[in-house]
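Just below is one structure, and these are the notes that go with it.
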Amino acid sequence: QVQLVESGGGLVQAGGSLRLSCAASGRLLNTYVVGWFRQAPEKEREFVAVGWRGGTAYYADSVQGRFALSGDNAKNTNYLEMNSLKFEDTAVYYCAVGRRWSTNWYEYDYWGQGTQVTVSA
């Protein structure tokens with residue numbers, strides 16, 4: 001079964017930065033689209049970003065200009081660089097892999113375990 005492993009979450013002050021990692025088994029990161037979603041307490045799962053091989057990426061309006069996707073093919077790892085973090089960015093962040101581009105969480109096939117990002121005011 002496909003495995004995705006999240007890491008990089010933690011506690012950060014408002015205005016700070018974090019880099020989240022999503023390590024995938026095999027070579028899926030080179031073939032499938034990679035989506036990032038987040039879910040805060042009492043809120044629905046929210047789209048953050050999606051990218052695929054070739055460097056194409058799309059971001060939610062709420063993170064546009066602050067977050068950026070990148071990848072390391074040698075490590076089968078996708079990165080979400082988060083800058084200028086705000087209190088409202090606090091959530092559990094998930095990476096997911098799907099066979100087609102989508103901003104909808106239910107279109108993705110495999111999910112990481114999630115990593116907590118907490119931004120202090």
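As a basis for the values below, the full set of heavy atoms in this structure was taken, side chains included, without hydrogen atoms, waters or symmetry mates. Position 1 is the first residue of the sequence, and the numbers go up from there.
Considering every non-hydrogen atom in both W105 and W111, the closest pair reads O-CZ2, 3.1 Å. Taking every heavy atom of both residues into account, Y108 and V97 meet most closely at CD2-C, 3.6 Å. Nearest heavy-atom pair across G114 and E6 is N-CG, 3.7 Å. Scanning all heavy atoms of the two residues, the minimum distance from V63 to Y59 falls at CG2-CB, 4.1 Å. L4 and A24 make their closest contact through CD2-CB, 3.5 Å (heavy atoms, listed as atom of the first residue, atom of the second, distance).
Remark: R66 engages D89 in a side-chain hydrogen bond (donor to acceptor under 3.5 Å, both in side chains) (not counting sequence neighbours). Under the salt bridge (charged side-chain N to carboxylate O under 4.0 Å, His left out) criterion, E88 pairs with no residue, sequence neighbours left out. Every side-chain hydrogen bond (donor to acceptor under 3.5 Å, both in side chains) that S17 has, sequence neighbours left out, goes to N83.
From R38, atom CZ reaches atom CZ of F47 across 11.0 Å, with rounding to the nearest 0.5 Å. Here F37 contributes atom CZ and T103 contributes atom OG1; the two are 7.0 Å apart, rounded to the nearest 0.5 Å. A distance of 13.5 Å separates OH of Y94 from CD of E46, quoted to the nearest 0.5 Å. We find the CZ-CD distance between R19 and E81 to be 7.0 Å, quoted to the nearest 0.5 Å.
No side-chain donor-acceptor contact under 3.5 Å links Q116 to the backbone of G9.
Screening W36, F67, Y79 for a side-chain contact (heavy atoms from CB on, under 4.5 Å) involving L20 leaves a single residue, W36. Partner of M82 under the side-chain contact (heavy atoms from CB on, under 4.5 Å) criterion, out of V117, V48, V119: V117 alone. For the side-chain contact (heavy atoms from CB on, under 4.5 Å) test with L18, the passing option among T115, V12, L11, L80 is V12; the others fail.
Residues V34 and V2 share a hydrophobic cluster, clusters being chains of Ile/Leu/Val/Met/Phe/Trp/Tyr side chains in contact below 4.5 Å.
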